[in-house]
Structures are given as C-alpha cells and as structure tokens.
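A note on names: the letters A, B, ... follow the listed sequences, proteins ahead of strands, and every chain is numbered from 1.
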Protein chains: 2
Amino acid sequence: MKDITTFSALSEPNRLRIIELLRQGPLTVGEIAERLELRQPQASKHLRVLLEAGLVEVEAVANRRHYRLRQEPFQALDTWLESYRKVWSERFDNLDHYLQQLQRDNHQQDDVPE
Amino acid sequence: MKDITTFSALSEPNRLRIIELLRQGPLTVGEIAERLELRQPQASKHLRVLLEAGLVEVEAVANRRHYRLRQEPFQALDTWLESYRKVWSERFDNLDHYLQQLQRDNHQQDDVPE
DNA sequence: AATAAATATTCCTTTACAGGAATATTCCCT
DNA sequence: AGGGAATATTCCTGTAAAGGAATATTTATT
C-alpha cells in the first residue's frame with residue numbers, strides 16, 4: 001500500500017470536493033458522482049484514495065456503499081495546527097514583529113485552502 | 001502562475017519538512033538545505049513552490065534570502081477546520097452515533113498529517 | 001575588475017497519477 | 001439461476017512534477 005497522507009489526499013481538487021460534500025452527511029458513490037458531476041469510476045477511485053488515507057470510512061448496505069467522514073484525521077490536523085498557533089503567539093511581542101508586519105503587507109496572495 | 005494550493009504544497013514530504021523547520025524561525029536557503037540534507041537547487045525549488053502557495057515569505061539580506069512562515073494560510077486552514085469541528089459536535093447526539101462508533105473501531109489506520 | 005559565495009533557473013529523465021473507456025465484481029430481485 | 005443495478009478494477013494515455021547536474025544570476029569582497 002502506498003503512502004497517502006492527509007495533505008496529498010486533499011491536494012486533488014475533486015477529492016477535496018468530495019470531502020466537503022460529505023461534511024453534510026454520508027453519501028453513496030452514485031450520489032457523490034451525480035452531485036459532483038463525476039463519472040462513477042473516478043468517484044470510486046477517489047474514494048479509494050480517501051479511504052486509504054483514512055479520511056473516510058465505508059458502510060456496505062446491500063448494493064450500495066455509504067461513505068462518511070472519519071473524525072480522527074481532522075483532529076490530527078487540528079493538533080498539528082496547534083503548534084503553529086503557538087508560534088504566532090510567542091512571536092507576537094517579538095522585536096521582529098513590526099518588520100514582519102511590514103513585509104506581510106507587500107504580500108497579497110491570499111488563497112484559501114480550498 | 002500555476003494553481004498551488006496549501007494542500008498540494010504540503011503534500012510533498014520535503015516541503016512539509018521545510019515548513020516544520022521554519023516553525024522555529026526564519027532561515028536561509030543554505031541553512032534549510034543543510035539541516036534537511038537537501039541539495040541547494042531542490043531547496044530553492046521547493047521554497048519557490050511554498051512562496052507561490054503563500055505559505056512563506058522572503059526577506060533579501062545581501063547575498064542571502066531569509067524565508068519565514070506566513071500566518072495567513074495557517075489561519076485559513078484553521079478556519080476551514082472549524083466547519084468540521086461543528087460537524088462532529090452536531091452529530092454527537094445523533095442516532096447514528098453509536099453505529100459510527102462501532103464502525104470506527106474497526107478502522108485502525110491512525111496516521112497523522114506529517 | 002576579478003573572484004567567490006549564495007541562490008535561482010534550466011534542461012533532462014523518470015515516475016506518479018488523473019481521466020477515459022471497458023470490464024469485472026457484488027448483490028438484489030423475480 | 002438469470003438479469004440488472006451499484007460499485008470496483010484494469011488498461012491505456014497524457015501530463016505534471018521531483019530529483020540530478022549544470023549553469024545563470026546576484027551580491028559581497030579584495
């Protein structure tokens with residue numbers, strides 16, 4: 001099995017869309033494919049990657065498979081971010097802060113994760 | 001300019017290492033290359049990607065270039081995670097919760113983002 | 001001005017991976 | 001048992017991207 005990280009799984013646009021869709025609740029492969037306008041095989045393939053990354057889990061119900069988000073990787077991400085929050089708060093009253101602020105103002109590449 | 005997302009930038013192992021290294025403070029290209037045992041060109045290339053992703057910023061000091069973390073993308077990630085925290089809390093007292101718990105126990109792929 | 005140090009860029013090769021189309025698999029239904 | 005629906009898998013192809021080696025660029029130094 002390959003080495004799929006949370007980041008690499010979420011780096012694919014359609015997979016990110018799947019994750020955001022599943023935020024509203026569990027869905028079937030067909031439903032996911034339909035709502036995101038993906039072909040069924042691609043939906044299955046992306047879900048496989050998300051599954052191996054541990055981002056989702058499956059529940060087999062007869063013919064269908066219900067995919068839902070798993071909580072753990074998001075918590076892990078949150079924990080990881082924690083260490084960065086500390087960084088900023090520690091540096092806040094640093095001497096560099098003023099310079100950092102100036103520097104930051106010349107940078108207008110404000111992109112969101114999605 | 002291409003479409004580099006926070007996730008795609010962090011999906012590359014060495015880039016993630018760079019980010020975690022910079023958590024301790026600004027560093028020079030040479031210092032980064034040395035500490036992570038990367039060749040200088042690769043370090044430069046990765047830093048370019050991180051720069052375009054808006055994850056880092058540069059300060060030119062004579063011959064050297066000091067790279068440091070930018071705060072914004074991490075805040076954005078945090079905001080994004082916020083919506084997922086809500087999901088879990090909303091579903092906590094749901095009827096599905098018990099089943100979800102059972103299901104989750106059969107899943108032991110606990111991997112952290114890094 | 002010439003040289004050296006630090007960094008960026010280019011070119012090349014290899015590999016990973018996404019999408020398309022077709023096919024296999026699994027499970028229900030009658 | 002046979003057919004059909006839902007899903008997974010395979011094969012193929014094109015493309016993006018990472019690493020290596022070499023080279024260009026910028027700035028300091030003497």
Contact list for residues 28-42 of chain A, test side-chain hydrogen bond (donor to acceptor under 3.5 Å, both in side chains), sequence neighbours left out: A:Gln40-A:Ser44
Donor-acceptor under 3.5 Å (A:Arg17 side chain, A:Leu36 main chain): yes
Contact nearer the 5' end of DNA chain C, comparing A:Asn63 with A:Lys45: A:Lys45
Angle between terminal axes - the helix from C:dA1-D:dT30 to C:dT30-D:dA1, 5 pairs each end, rounded to 10°: 20°
Residue pair B:Glu20 / A:Trp80: nearest heavy atoms and the distance that separates them: OE2-NE1, 2.8 Å
Set of side-chain hydrogen bond (donor to acceptor under 3.5 Å, both in side chains) partners for B:Arg15, sequence neighbours left out: B:His46
Residues touching DNA chain C, which here means a heavy atom under 4.0 Å, drawn from residues 8-15 of chain B: none
B:Arg48 atom CZ, over 12 foreign heavy atoms within 6.0 Å: no
Plane angle bin for B:Tyr84 and A:Phe74 - parallel if under 30°, tilted between 30 and 60°, otherwise perpendicular: parallel
Counterpart residues, side-chain hydrogen bond (donor to acceptor under 3.5 Å, both in side chains), relative to A:Arg65 (two or more places apart): none
Pairing residues for A:Ser8 by the side-chain hydrogen bond (donor to acceptor under 3.5 Å, both in side chains) criterion, not counting sequence neighbours: A:Thr5
First and last nucleotide of DNA chain D, 5' to 3', lying under 4.0 Å from heavy atoms of chain B: D:dA18 to D:dA28
B:Glu82: partners by salt bridge (charged side-chain N to carboxylate O under 4.0 Å, His left out), with sequence neighbours left out: B:Arg85
Length of the CZ-P vector between B:Arg64 and C:dA4, whole Å: 17 Å
Between C1' of C:dC17 and CD1 of A:Ile4, the distance in whole Å: 11 Å
Partner residues of B:Asn63 under the side chain to side chain contact (heavy atoms under 4.5 Å, CB included) criterion, sequence neighbours left out: none
Side chain to side chain contact (heavy atoms under 4.5 Å, CB included) between A:Leu10 and A:Leu55, worked out: CA-CA 9 Å; A:Leu10 295 177; A:Leu55 285 169; 3.9 Å; yes
Selection: residues 28-44 of chain A, any non-hydrogen atom under 4.0 Å of DNA chain C: A:Arg39, A:Pro41, A:Gln42
Nearest-angstrom distance from the residue atom CD1 of B:Ile18 to P of C:dT7: 13 Å
Heavy-atom closest contact (B:Leu51 atom, B:Glu57 atom, distance): CD1-CA, 3.9 Å
B:Ser83 side chain reached by A:Arg23 side chain, heavy atoms, under 4.5 Å: yes
